[in-house]
Peer 1: 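Take this structure first; my questions come after.
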Amino acid sequence: MSIVRIKDKTFETSILEREIKQRVKELAQQLSKDLEGKNPLLLCVLNGSFIFAADLMREITIPCEISFVKLASYDGITSTEKVKEIIGLNTDLTGRTVVIVEDIVDTGRTMQQMLYSLSFHNPESIHICTLFVKPEKLIVNLDVEYAAFSIPNDFIVGYGLDFDQQGRGLKDIYTLKED
Ligand code: 5GP
Ligand code: MG
């Protein structure tokens, strides 16, 4: 087990790089099978999912495209009630098979807002693909079709996820240690 200090907090490893790689590959295989012939558009929700999306796309074996949007709901380590609007959607989604690529579905509010915003762009279908889901925190009714890991209600960093913008480059996932 290894420990990192970020600002005033201590984090310890909880999911290792090779486990993440393995699950990302499995998700990519599932997506490739389910969405064959659909030329899906991966919609990477920045910032947290940029590493996941890059790895996922390289494991997908069918033609697909990628686009990036931004939404934010977190301030430090506490969820803010208000989820901001979608920023930067510059791809025509009409008739497209859209796969939202997220880092974490926590309360689900961000995803709910995304689904609502995207519904006005007339996609053929929208699928949720997330690296992590925290089932204990989920308060909205969502069909999370593709999830790499279900995790407890702890704050995590690494593999794209931050604590106050730090820690995104960590290769493993680290969990906040309560002290
Ligand atoms: P939700 O709207 O589902 O409550 O929050 C989702 C967003 O909150 C995620 O996309 C992510 O950016 C952020 N988030 C939720 N839990 C964590 C966590 O444990 N660590 C980090 N770094 N971000 C989180
Ligand atoms: Mg996110």
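One-based numbering, in listed order, for ligands and for the atoms of each. Every value quoted in this text rests on a predicted model; they were computed, and no experiment measured them.
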Peer 1: Apart from Phe120 itself, what residues make up its hydrophobic cluster when side-chain heavy atoms of I, L, V, M, F, W and Y under 4.5 Å apart count as a link, directly or indirectly?
Peer 2: Tyr116

Peer 1: Once you restrict to heavy atoms under 4.0 Å, what part of Glu102 touches ligand 1? Side chain, backbone, both or neither.
Peer 2: side chain

Peer 1: With atom 18 (C) of ligand 1 as the reference point, say which of Phe163, Phe155, Tyr174, Phe132 has the nearest heavy atom.
Peer 2: Phe155

Peer 1: Could you tell me whether Asp154 approaches ligand 1 through its side chain, its backbone, both or neither, with non-hydrogen atoms closer than 4.0 Å?
Peer 2: backbone

Peer 1: Which ligand 1 atoms does Thr110 reach within 4.0 Å, using its non-hydrogen atoms?
Peer 2: 1 (P), 2 (O), 5 (O), 6 (C)

Peer 1: Would you indicate whether Lys7, at its atom NZ, is surrounded by more than 12 heavy atoms from other residues, nucleotides or ligands within a distance under 6.0 Å?
Peer 2: yes

Peer 1: For residues 37-56, which residue pairs pass the salt bridge (Lys or Arg N to Asp or Glu O under 4.0 Å) check, not counting sequence neighbours?
Peer 2: Lys38-Glu124, Asp55-Arg58

Peer 1: Roughly how far, to the nearest 0.5 Å, is the CD1 atom of Ile151 from the CZ atom of Phe132?
Peer 2: 5.5 Å

Peer 1: Going by an N to O cut-off under 4.0 Å, is there a salt bridge joining Glu17 and Lys21?
Peer 2: yes

Peer 1: Using only heavy-atom distances, determine whether the side chains of Gln22 and Glu26 contain a donor-acceptor pair under 3.5 Å.
Peer 2: yes

Peer 1: Under 4.0 Å from a heavy atom of Arg109: which atoms of ligand 1 are those, numbered in the order shown and with their elements?
Peer 2: 2 (O), 3 (O)

Peer 1: Which ligand 1 atoms does Asp162 reach within 4.0 Å, using its non-hydrogen atoms?
Peer 2: 21 (C), 22 (N)

Peer 1: Identify, by atom number and element, the atoms of ligand 1 in contact range of Ile104, meaning under 4.0 Å from any of its heavy atoms.
Peer 2: 6 (C), 9 (C), 10 (O), 15 (C), 16 (N), 17 (C), 18 (C), 19 (O)

Peer 1: If you measure every N/O of Val157 against every N/O of ligand 1, is any gap under 3.5 Å?
Peer 2: no

Peer 1: Find all atoms of ligand 1 within a distance of less than 4.0 Å from any non-hydrogen atom belonging to Thr107, and give their numbers and elements.
Peer 2: 1 (P), 2 (O), 3 (O), 4 (O)

Peer 1: Where the closest heavy atom to atom 20 (N) of ligand 1 is concerned, which of Thr130, Asp103, Ile156 has it?
Peer 2: Ile156

Peer 1: Is it true that atom CG of Asn153 has more than 12 heavy atoms of other residues, nucleotides or ligands lying nearer than 6.0 Å?
Peer 2: yes

Peer 1: What I want to know is whether Gly108 and ligand 1 share at least one N or O pair that is separated by under 3.5 angstrom.
Peer 2: yes

Peer 1: Using the side-chain contact (heavy atoms from CB on, under 4.5 Å) rule, pick out the option among Leu93, Val99, Thr97 that qualifies with Leu41.
Peer 2: Leu93

Peer 1: Among Gln112, Lys134, Gln113, whose heavy atom sits nearest atom 19 (O) of ligand 1?
Peer 2: Lys134

